[in-house]
Amino acid sequence: MKIGYPCINRSIGCSSGRTFRLASYSRERLEETLSKNLRCLDAILRFNLASDILFFRITSDLVPFASHPVCTAPWRETFSETFSEIGRFIREHDMRISMHPDQFVIINAKDPEIIDRSLAELRYHAAVLDALHLDATAKIQIHVGGIYGDRKASMERFCREYARLDESILRRLVIENDDPRYTLADCLAIHKETAIPVLFDSLHHQVNSSGETVTEAVELCSATWGPEDGIPMVDYSTQMPKARKGRHTESLDGAAFAQFLGETAPTDMDIMLEIKDKEKSALAAVEIARSDRRFLPR
DNA sequence: CGTAGTCAAGTCAGA
DNA sequence: TCTGACTTGACTACG
């Protein structure tokens, strides 16, 4: 079991997702920004290693405008050595990596232009993981997409579009149950049709439940991951007290996390903490997991 | 220098 | 009809 956090490290004073306005795009600006972003990604991974945080989600903003037509700079070639070095570090230390494209990636859209833009964005995410020379255990997680007034038809459209994806995307893609739309049961139904692995999100399941207990949910999801996919990934968060439903908490609730570990103990998984204070909660979670001999070795 | 307005992209609920 | 939320605020024009 590995524990991680997404995209941003608040302790080390750099960002691996620096960007700029589309209006100020230039090849020089892109290369300057990407160079800084990669240097910061390297710093974050070194920080993580020193803290036994071996799971990390790389920000989608690593290469600004990568899937936009304006971006014609050959960044894969220009930075191939840097990507390779960072990838070597990740593999040497047996780290787990994921990416999570944002809400604009919608495989089941009705508008073909939205599908095209989504495909370009997925190709970009796959290109980053490929440039790092990571195997198929480095995943790209997306949601099922829109409902468009007909859940069943929209799920079928997802399955149809999924079947047409390039292998470079297919081998990495997983779906996650979301908060306002597709439940865990919906995702498992899509898995039956497509064999796509299902990533369990604990807070979304709490807010938009299809009835399974956490123990059941994690077991069901785990069964959708094949050997080449690696250990199942799970997104873990709890509700921010008194806030809008589905809002992530500011900091880790240690007791709730310990209970989650207990409920899911039979299933090995890599846990992504979607909590606002990021690495701080990940550090606390590593200590909690360590204090229980069933989980992390000292 | 500080800060308010704005930023590539989609969906959908709620005001 | 518009705004906010979503994995995450941060860039930059303007005073």
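Only a predicted model underlies this, so the values are computations on that prediction, with no experimental measurement involved. Values below: every heavy atom of this structure, side chains too, minus hydrogens, waters and symmetry copies. Throughout, a chain's letter reflects where its sequence line sits, starting with A, and its residues are numbered from 1.
- Base engagement by A:E121 is indicated by at least one non-hydrogen atom pair under 4.0 Å involving a base atom.
- Rounded to an integer number of Å, the gap from CD1 of A:I115 to P of B:dT11 is 10 Å.
- What separates CD1 of A:I142 from C1' of C:dC6 is a distance of 15 Å, to the nearest Å.
- If you take atom C1' in C:dA5 and the same atom in B:dT3, they sit 24 Å apart, rounded to whole Å.
- Of the C1' atoms belonging to C:dC6 and B:dA4, the separation is 24 Å, rounded to the nearest Å.
- The two residues A:G87 and A:L134 have their closest heavy-atom pair at O-CD2, 4.3 Å.
- Regarding A:R18, its CZ atom lies at a distance of 9 Å from the C1' atom of C:dA10, rounded to whole Å.
- Place A:I8 and A:R21 on DNA chain C by their nearest nucleotides, and A:I8 ends up nearer the 5' end.
- Within the 4.0 angstrom heavy-atom criterion, only backbone atoms of the sugar-phosphate kind lie near A:E274; the bases stay farther away.
- Nucleotide B:dA9 forms no Watson-Crick or G-U wobble pair with any nucleotide shown, as no partner meets the under 3.5 Å limit on both distances.
- What separates CD of A:Q103 from C1' of C:dA5 is a distance of 9 Å, to the nearest Å.
- Put simply, CZ on A:F104 is 10 Å from P on B:dA8, counting in whole angstrom units.
- Contacts of A:Y148 with the nucleic acid, taken as non-hydrogen atoms under 4.0 Å apart, involve only primed sugar atoms and P, OP1 or OP2.
- Between the NE2 atom of A:H143 and the C1' atom of B:dC12 there is a distance of 14 Å, rounded to whole Å.
- OP1 or OP2 of C:dT8 has not a single side-chain nitrogen or oxygen of A:S15 nearer than 4.0 Å.
- Using modelled atom types, one finds no donor on one side chain facing an acceptor on the other under 3.5 Å when comparing A:R88 with A:S84.
- You'll find the ring centres of A:Y182 and A:H143 outside the 6.0 Å limit.
- For the P atoms, the distance from B:dG2 to C:dT8 is 28 Å, rounded to whole Å.
- Between the side chains of A:S154 and A:R151, no donor-acceptor pair is found at a separation under 3.5 Å.
- For A:R117 and B:dG10, the shortest distance from a side-chain N or O to OP1 or OP2 is below 4.0 Å.
- With rounding to whole Å, A:I58 atom CD1 is found 18 Å from C:dT8 atom P.
- Paired with A:S67 under the rule side chain to side chain donor-acceptor pair (under 3.5 Å), one option of A:H125, A:R123, A:R117, A:E121 passes, and it is A:E121.
- The side chain of A:K276 sits closest to C:dG9 out of C:dG9, B:dC12, B:dA8.
- You'll find a donor-acceptor pair under 3.5 Å spanning the side chain of A:S67 and the base of B:dA8, going by distance alone.
- Within 4.0 Å of A:T19, counting heavy atoms only, lie sugar-phosphate atoms of the nucleic acid but no base atom.
- Nucleotides B:dA8 and C:dC14 place their P atoms 16 Å apart, quoted to the nearest Å.
- Among the candidates A:K139, A:R171, A:R172, the single residue satisfying the side chain to side chain donor-acceptor pair (under 3.5 Å) test with A:D229 is A:K139.
- The residue among A:R29 and A:R10 whose nearest nucleotide of DNA chain C lies closer to the 5′ end is A:R10.
- Taking atom CD1 of A:I114 as the reference point, atom C1' of B:dA9 lies 9 Å away to the nearest angstrom.
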